[in-house]
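Have a look at the structure below, then the notes.
From a predicted model like this one, the values you see are computed outputs, not experimental measurements.
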Amino acid sequence: MHGRIKVKSTEEQKEQKAKERAKKLQFYQATTAAISEKRKDHQFDQEVLELTGQILSVNPDYATYWNLRRQIFLHFEHEKEPEEVKSIHQKELFFLETCLRVNPKSYGTWHHRCWVMDHMQEPDWKRELELCNKFLEYDERNFHCWDYRRFVVQRSAVPVEEELAYTSRLISTNFSNYSSWHYRSTLLPIVHPDHKRQGRISEKILLKEYELVQNAFFTDPNDQSAWFYYRWLLGRADSLLKINCLYVNRDQRRILVCFSRPVNVLSKSSKLILFVDQKLILPEWRPVAGQKTYSCVWLCDLPECTLDNGSLHQDIKVVWDGDDDLQKECTIYKGKRESWCRDSATAEELFRCQMSVEKSTQLQSELESCKQLQELEPDNKWCLLTVILLMRALDPLGYENETLQYFKALKVADAMRTRYYNDLCSKFVIENCILKMEYAEVRVIDMSHKNLTRLCYLDQMVLVTHMNLSGNQLTCLPPSFLTMQCLEVLNADDNSIENVSGLSNLPQLEEVTLRNNCIQTPADLQPLASCLKLSFLDLKGNPVCNLPNIHSELTLLLPQVKEIILQ
Amino acid sequence: MGTPVKDVVIKSDAPKTLLLEKHADYIASYGSKKDDYEYCMSEYLRMSGVYWGLTVMDLMGQLHRMNKDEILEFVKPCQHECGGISASIGHDPHLLYTLSAVQILTLYNSLHVIDVDKVVEYVKSLQQPDGSFAGDQWGEIDTRFSFCAVATLALLGRLDAVDIDKAVEFVLSCMNFDGGFGCRPGSESHAGQIYCCTGFLAITGQLHQVNADLLGWWLCERQLPSGGLNGRPEKLPDVCYSWWVLASLKIIGRLHWIDREKLEHFILACQDEETGGFADRPGDMVDPFHTLFGIAGLSLLGNEQIKPVNPVFCMPEEVPRRINVKLELLN
């Protein structure tokens, strides 16, 4: 089905081909019919092996015949002497090898080989490893063979270090290395684990690995696999589950809990326990985005007298799953509307991984080398992207402007992926906006005129009261916006917003300006009806403003809004 | 300097417009010559072949040209005693063809033709202690089969029949350094497997476990200068990856990371003006498999002459909607 070139042939050639095919077809039909007869009669014998072998050597995807061969072998294992069975298995391995030489990419062939090996009394795993070596020499990207190799390694307990050494050999000699780098990515964390971060590598080895990969892409800057692998090396570990923020609002009698990644608080196996002044409360938690099962942000409403104004202060504590390490507490004082406790984003965990001096020094020098490479290969997009990733890892705020310059160059070098680069840049820009907000210790975030094409990290902005999104390229305020539970003022002017589904059930939202966007109909503004405190809405410069009777329609839709501006 | 990029060059005389009628004619008459060599040689996948043909005809609004009765009569005897369904008569049952059969019967609203409870029993029997699924009684494990299992059960409304948590655990254990997925834990990322795993996670409501930005990057890097998509780094483009890669991107909410115009140009170039149908790449031989995925890819790109396609099930969107299958994709 793949790679069959359509060749223009003469009438004579066509006729010749038709004759050959008719002959092959006749043979095929006769053979399959014969096999069918014998199978019906439960005849599991050498003849069926012969016949199925003839079909399979031409068409190894005829899965049923591999099944039939297995049925025959099981029958033989029952009926024949071990010596004879051994010989039969050996012959089968030989047959399988000839099939593999014709088509090294048939699932059925490789699986059958696994099956035969598992049924042998004395399997020769060393020979199988040699077979893998041979086939990988022909085609280092044959994933069937790599998978078979992993099967052999597992069955015969080949030391992981040896496999790691094998990948090192391949990488240093060959060109087509993605499969080898991939294998390495699974082996390194086993041989040299980072005990603090699951699935990651110990730092000493990591630094050596950086060097190895740098050598690879300096030798051949067009070898994609090295650049992919390097990105992984630069990446952060998967974050451990944490409670990032606990927020209490006395007026709303509401508690918000923000996790570092989506969880299901309502599952049978997990519990989010709430204590108010050491007293256990079992509230009804709900995800901030209505119907979702998994959410980063959860909230609950407190029973009537829980937060009375009598005592000087009250202690609020949430504990996840009985795990004392996963908890957060805060104190709300008499007369205060709200209180919270949160982890700062400036703590290195949120956007990038912690860096020792050695690592930081080495990466700094690698950044310089990459910049030099970039001058030699100005069109190499991998290099441009990697420079950006290194700058993000080392100093996101310090390299902010330089990063934007590199993104400009990237979009010229690799125009096809412009939208990806715009979204990636948006993400990095928002990271910086959050960092600046945190350093300033304010709850106001300014993301205006930053060429944003998407919104990120909204679930980490639970405490934000004022947000400026004006002058970007946003087309919607999506459901992820529902986490902006403390938002009071939103400026989203001068975007291309058509959809504001995320602007619903935001209890503190008072002022929204959406000037010069793409709101088409009153229905588009339906979500705002549930923002009960909304008192000011500026829609100037939207197509919706030109509809007849629009002011009365909107007044009906949004009765709580005192001022709706249309011109 | 260094390794040249593997790609194709699209000739200037390659087709540039969608030849919908030609494709409908090609599929309608495919398989009418029961003695055609290619046709006979592909008997081992016939059930999937029928599903590809029916689905592409339905997407083109031409389902009525297929012989419903003949097809239902073909499917019924392919269900074996164990409940599993085979590719054709005389072949052994397998999850791949069980899914294809259920898709066919769902398209035709004719699930009564088979014993649905037995199908569920068969699927359930193939789940392993580690949550994975074997393709059949002979034990081959592959995330493709995890997808086949949950897609089959989702269409039958019977996801409760298997241990979903364990099934999810296994699929997640197949996630790689690049955000992609392979056949088994430790296997290299491949667009086909990624489609199966993201489809699986969509069905089981676990898409938040995917690193969408990282995987989306790997997927959009499948696009080559010709505009076509390959299945993994340093491979040639192939029209079927317009489906596997594109559907995956749609599921994780990053479809816009592909250059749509260039991809459309590539897909259209894979048409055969003479015979109808699509080939894997421009100038090659056509077949129903690539025809479906070329059309389905164009649908995902927004072509209005084709019905919207569901990116998880690869069926017209109206079908899973009709049977109320719950799916939430990332956005």
Measure distances from [X] to the heavy atoms of chain B and classify the residue's part below 4.5 Å as side chain, backbone, both or neither.
| X | value |
| --- | --- |
| A:Ser179 | both |
| A:Asp414 | side chain |
| A:Leu233 | neither |
| A:Leu376 | neither |

(message) Can you confirm if the NZ or CZ of B:Arg46 lies within 45° of the ring axis of B:Tyr39 and under 6.0 Å from the centre of its six-membered ring?
(response)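 Verdict for B:Tyr39: a cation-pi partner in B:Arg46.
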
(message) One thing to verify: whether A:Arg150 and B:Glu188 come together as a salt bridge, which I'm taking to mean a side-chain N less than 4.0 angstrom from a carboxylate O.
(response)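 Salt bridge absent between B:Glu188 and A:Arg150.
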
(request) Run the salt-bridge test on B:Asp92 and A:Arg39 with the 4.0 Å N-O cut-off and return the result as yes or no. (result)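 Salt bridge present between B:Asp92 and A:Arg39.
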
If I measure from the heavy atoms of chain A, does [X] come under 4.5 Å with its side chain, its backbone, both, or neither?
| X | result |
| --- | --- |
| B:Leu207 | neither |
| B:Ile258 | backbone |
| B:Phe177 | both |
| B:Asn211 | neither |
| B:Gln137 | neither |
| B:Gln209 | neither |
| B:His94 | neither |

(message) Does the plane of the ring in B:Trp244 sit parallel, tilted or perpendicular to the ring in B:Phe289? Use 30° and 60° as the thresholds.
(response)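 Ring orientation of B:Trp244 relative to B:Phe289: tilted.
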
(message) Using the salt bridge (charged side-chain N to carboxylate O under 4.0 Å, His left out) criterion, which residues pair with B:Lys166? Sequence neighbours excluded.
(response)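 Residues passing salt bridge (charged side-chain N to carboxylate O under 4.0 Å, His left out) with B:Lys166: B:Glu169.
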
(request) Begin with the C-alpha distance, continue with both residues' side-chain angles, and end with the deciding distance and a verdict on ring pair (Phe, Tyr, Trp, His ring centres under 6.0 Å) for A:Tyr229 and A:Trp232. (result) CA-CA 5 Å; A:Tyr229 189 75; A:Trp232 175 66; 5.5 Å; yes

